[in-house]
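Before any comments, here is the structure.
Atoms within a ligand are numbered from 1 in the order they appear, just like the ligands themselves. We use all heavy atoms of the structure for the numbers below, so side chains are in, but hydrogens, waters and symmetry mates are not.
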Amino acid sequence: MGEPVAEPRLRQVVDGVFAWVQPDGTWWVNNAGAVAGDGAVLVVDTCATEQRTRRFLEALDEATGGVPVRLAVNTHQHGDHAYGNSLLPEAAVLFGHEAMREALLADFVIDGCPPFWTPVPDWGNVTRRVPDVAIRGEVTVFAGGRRVELRHPGYAAHTPGDVVAWLPEERVLFTGDLIFNGLTPLVMMGSVRGALESLEWLAAFGAEHVVPGHGSLADAASLPGILAAHERYYRLVLDVARKGREHGLTPLAAARGADLGEFAAWDDAERLVLNLHRAYADAEGGEVDLLTAFGDAMTCHGGPLPTRV
Ligand SMILES: [Zn+2]
């Protein structure tokens, strides 16, 4: 927590297409991005806090020479990608999946963050702003003439309302949290099997440049290895859950007895127990109790979870 990490950076992925990469990608420290066309910018996700979102939007404004943000999209409901929405220009039209919109309306963390993280996040002056346009399947928007396809996989994966932003001409894919590059994936609010299924769907875009929701940028050469690692991880979660249920173990007991193997090196390893809560709920037809799940995650981590917001 105290150790220095690299500063956030606006990276130009291809001409006029940007990724806002925030190291080290841990809890609440997300990636965002933007597509700058002729006279209009589309923003892909905001950040968790006022400070981080302002920094992103200022860097973007500088890079585009002040081209106005006219469109925006949230890849999913989580606050690290959406709490900064209220700092977008009021006139910008915000897109998001309809399940994402409902979830952000119901989100209580923006009003008072439970002490699950250290430091307890300080959102700053942000207010809840939900999408103006709700997506069910897919919609194509044009950011100053540049084609951007906003697509839902058709099932819950990271969350029920995941949307990717795909630029078919530039072959750039903004995946949101369907990909955590080098950090432990989180599917507690989605579906382990859906997340597994989404990997082939992601691969099928044939992207040359990939902006993940957390972690460093990827490309056509690195993507197959990243997707394969996600697959092995999700299969491990399903396997630990199956054996845990067979032995009558709680998700916490199953997590504590599990060998993470190659994934022990990924940050935020305590997410295993959160993902097991989801796998158990999916297998038993229940819902995840978030307070219990996060209590278990803190037990696994040995205290509140690390963040930098
Ligand atoms: Zn997320």
Side-chain angles (χ1 to χ4, degrees), residues 19-33 43-49 52-53 56 72-85 95-97 99-110 113-114 116-117 121 123 126 128 130-131 135 150-153 155-165 173-192 194-196 198-199 202 210-216 226 230 233-234 237 266-275 277-278 288 290 293-294 297 305-309:
W20 179 245
V21 180
Q22 299 196 100
D24 56 359
T26 189
W27 287 104
W28 298 106
V29 181
N30 68 313
N31 295 334
V43 163
V44 182
D45 282 338
T46 55
C47 306
T49 68
R52 283 182 180 269
T53 303
F56 164 43
V73 60
N74 286 131
T75 58
H76 64 290
Q77 70 200 52
H78 288 150
D80 47 342
H81 299 258
Y83 285 171
N85 287 351
F95 292 75
H97 192 272
M100 176 269 156
R101 186 178 185 281
E102 281 165 28
L104 186 56
L105 280 171
D107 182 310
F108 60 88
V109 177
I110 191 171
C113 190
F116 296 145
W117 291 275
W123 312 131
V126 295
R128 188 189 316 269
V130 299
I135 305 167
L150 309 177
R151 295 209 214 158
H152 173 59
Y155 41 82
H158 174 64
T159 63
D162 300 311
V163 165
V164 301
L173 184 65
F174 293 88
T175 67
D177 285 1
L178 294 176
I179 294 183
F180 286 78
N181 189 7
L183 299 105
T184 308
L186 180 65
V187 295
M188 174 189 61
M189 294 169 90
S191 157
V192 192
L196 196 53
S198 75
L199 300 173
L202 291 169
V210 178
V211 182
H214 295 258
S216 49
I226 293 165
H230 279 68
Y233 179 78
Y234 295 142
V237 171
W266 280 354
D267 274 354
D268 310 325
E270 71 279 357
R271 287 178 183 161
L272 174 65
V273 74
L274 300 173
N275 294 330
H277 271 279
R278 169 51 58 189
V288 173
L290 294 182
F294 273 105
L305 312 176
T307 184
R308 305 175 190 282
V309 299

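Between Asn30 atom CG and Tyr83 atom OH the span is 12.0 Å, to the nearest 0.5 Å.
Relative orientation of the Trp28 and Trp117 rings is perpendicular, given thresholds of 30° and 60° on the angle between their planes. A perpendicular orientation is assigned to the rings of His158 and His78, their planes being inclined by more than 60° (bins at 30° and 60°).
In terms of heavy-atom proximity, His76 sits nearest to Asp177 at NE2-OD2, 3.1 Å. Here the closest heavy-atom approach between residue Asn181 and residue Pro212 is recorded as CB-CG, 4.0 Å.
Counting only protein atoms, the N, O or S atoms lying less than 2.8 Å from the Zn ion (ligand 1) are His76 NE2, His78 ND1, His158 NE2, Asp177 OD2, ordered by chain and residue number.
The closest side-chain donor-acceptor pair between His214 and Asp80 falls under 3.5 angstrom.
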